[in-house]
Amino acid sequence: INIFILLKKTFFFGGDLPLLPNTIAPLGMAAPPPAGPPRSRSQQDIDDIEVDMLDAWERRLQKELRGIITHLTKADRRAIEPSDVNSYDWDWRDDYGEEVADEIAIAYAEALATTGFVATPLMGIQALAVRYARARAGELLAESGRWSVSAVTREGVRDLVAQTIEEGQSLNWLQKRLREDYLFSRSRAESISRTETGRVLGKASMQSFQSQGIEGKRWITAGDDRVCAYCRAGASDDVIPMSRHFSNGAMDTGDSHPRCRCK
């Protein structure tokens, strides 16, 4: 009994949370069987999530396309101006914030599991995923900023309106251009979804390495002639400490450019 008490005080914090593997047992007791390996994950899991994200972004972009056309059609009754674009409701955070955060949380949690993240009571996969997803959704849906989808869309629509006025084109011409423009296309939805799934893989990999006590990292590219100069610079470093930036200035592949193929 005294030995059991000693072991409990030595290896447990507060008598509840193990600081060492729970395979340690008091004398005279059989050690519990080792935990089985985590369910294996594959790139296919991430690819499936990317497809779902693609469909969701395509629906959002098409909804916004219909909304901006309706908005500009009303403005045309008194002669359309570039400033009419600003008066459209570009606050996508209120419209899509929760669902985008949910999508990213699912992707990030899957990426953590795929890359071997070691969860603890203080660092669970779901809690980390939700925290990351909320921050990332805020960046994507803000009305300004480097990663803002709505801000880039607004600037693109404003340019098309200015071109319509400058060339003396009709509203029908503008509507046609908006419908055909990359800003509202499936290709753009694909670019967003591919970029975001690549980003969560990069960020999750870093978090997983840290949870496993790994001290070095390496930038891995697709290894073909399509690899850009930015990613080649990252790959040129070979293995570097986890706390150091790569030569391209990024901490990990999650900080890369849109549609990056690096993992």
Side-chain angles (χ1 to χ4, degrees), residues 41 43 45-68 71 85-86 88-115 117 119 122-158 182-208 210-211 249-263:
R41 308 293 180 102
Q43 181 62 40
D45 295 304
I46 306 298
D47 291 344
D48 291 343
I49 291 170
E50 182 180 315
V51 170
D52 292 339
M53 197 180 294
L54 164 61
D55 292 339
W57 274 105
E58 186 175 26
R59 288 195 302 272
R60 292 177 197 126
L61 294 177
Q62 288 302 304
K63 177 183 176 181
E64 295 302 324
L65 172 61
R66 293 190 295 271
I68 194 66
H71 177 78
V85 177
N86 289 338
Y88 181 69
D89 182 9
W90 293 102
D91 187 5
W92 290 10
R93 189 182 312 205
D94 281 350
D95 292 336
Y96 309 117
E98 290 187 8
E99 61 185 69
V100 169
D102 287 345
E103 289 171 9
I104 295 175
I106 291 171
Y108 195 66
E110 192 67 38
L112 285 172
T114 300
T115 51
F117 178 78
L122 298 179
M123 290 185 67
I125 285 179
Q126 291 302 325
L128 287 172
V130 169
R131 186 191 313 165
Y132 172 79
R134 286 176 177 168
R136 183 58 182 163
E139 292 176 333
L140 282 172
L141 300 172
E143 293 187 62
S144 62
R146 176 189 176 193
W147 296 104
S148 172
V149 177
S150 56
V152 172
T153 307
R154 182 181 64 236
E155 294 304 311
V157 172
R158 185 185 295 151
Y182 171 75
L183 290 169
F184 299 102
S185 66
R186 183 172 178 81
S187 294
R188 189 180 187 218
E190 181 183 10
S191 180
I192 295 170
S193 60
R194 182 165 297 178
T195 299
E196 291 311 304
T197 50
R199 182 178 176 86
V200 298
L201 269 173
K203 295 297 182 184
S205 294
M206 281 286 290
Q207 199 128 41
S208 294
Q210 290 169 342
S211 76
M251 282 297 291
D252 53 69
T253 57
D255 291 329
S256 191
H257 54 81
R259 298 180 72 97
C260 180
R261 299 178 300 138
C262 299
K263 296 292 186 287

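- Residues Phe117 and Gln210 have side chains not in contact (no heavy-atom distance under 4.5 Å, counting atoms from C-beta outward).
- The salt bridge (Lys or Arg N to Asp or Glu O under 4.0 Å) pairs that include a residue from residues 100-109 are Arg60-Glu103, where partners are two or more places apart or lie in different chains.
- The distance from the CD atom of Glu139 to the OG atom of Ser148 is 10.5 Å, given to the nearest 0.5 Å.
- To the nearest 0.5 Å, the span separating CG on Asp252 from SG on Cys262 amounts to 11.5 Å.
- Contact record, Ala105 with Ala133: N-CB, 3.4 Å, taken as the closest heavy-atom pair.
- Here the side chains of His257 and Cys260 are in contact, with some heavy-atom distance below 4.5 Å.
- Taking both residues in full, the closest heavy atoms of Ala250 and Asp255 are given as CB-CB, 3.7 Å, listed atom of the first, atom of the second, then distance.
- Residues meeting the side chain to side chain contact (heavy atoms under 4.5 Å, CB included) test with Val149, sequence neighbours left out: Trp57, Trp92, Leu140, Thr153, Arg188, Ile192.
- Note: Asp94 CG to Asp89 CG = 7.5 Å, rounded to the nearest 0.5 Å.
- For the atom pair CD of Glu99 and CD1 of Ile104, the computed distance is 11.0 Å after rounding to the nearest 0.5 Å.
- Under the side-chain hydrogen bond (donor to acceptor under 3.5 Å, both in side chains) criterion, the residue pairs touching residues 125-134 are Tyr132-Arg199, with sequence neighbours excluded.
- Between Met53 and Thr197, the shortest heavy-atom distance links the atoms CE-CG2, 4.2 Å.
- Qualifying side chain to side chain contact (heavy atoms under 4.5 Å, CB included) partners for Glu155, counting only residues two or more places apart in sequence or in other chains: Arg158.
- The side chain to side chain contact (heavy atoms under 4.5 Å, CB included) search around Ser187 returns Tyr182, Ser185, not counting sequence neighbours.
- Residues Thr253 and Leu201 are not in side-chain contact: their nearest non-hydrogen atoms beyond the backbone lie 4.5 Å or more apart.
- Considering every non-hydrogen atom in both Ala107 and Ile49, the closest pair reads CB-CG2, 3.6 Å.
- A search for side chain to side chain contact (heavy atoms under 4.5 Å, CB included) contacts involving Arg186 returns Leu54, Asp55, Glu58, not counting sequence neighbours.
- Counted within 6.0 Å of CD on Glu98, heavy atoms from surrounding residues, nucleotides or ligands total 12 or fewer; the atom is thus considered open.
- Gln62 places a side-chain N or O within 3.5 Å of a backbone atom of Phe184 that can act as its donor or acceptor partner.
- Contact check for Asp91 versus Tyr96: no side-chain heavy atoms found under the 4.5 Å cut-off.
- Atoms CG and CD, from Leu183 and Glu64 in turn, are 12.0 Å apart once rounded to the nearest 0.5 Å.
- When the options Arg136, Lys203, Arg259 are evaluated for a salt bridge (charged side-chain N to carboxylate O under 4.0 Å, His left out) with Glu196, the one that passes is Arg136.
- Annotation for Ala119 and Gly124: closest pair CB-CA, 4.4 Å, computed over non-hydrogen atoms.
- Side-chain atoms of Val157 and Tyr88, non-hydrogen and from C-beta on, never get closer than 4.5 Å to each other.
- In plain terms, the two heavy atoms of Ser205 and Thr115 that are nearest each other are OG-CG2, 3.4 Å.
- Counting heavy atoms from C-beta outward, Leu141 and Ser150 have side chains that stay 4.5 Å or more apart.
- Residues Gln207 and Tyr108 bring a donor and an acceptor atom of their side chains to less than 3.5 Å of each other.
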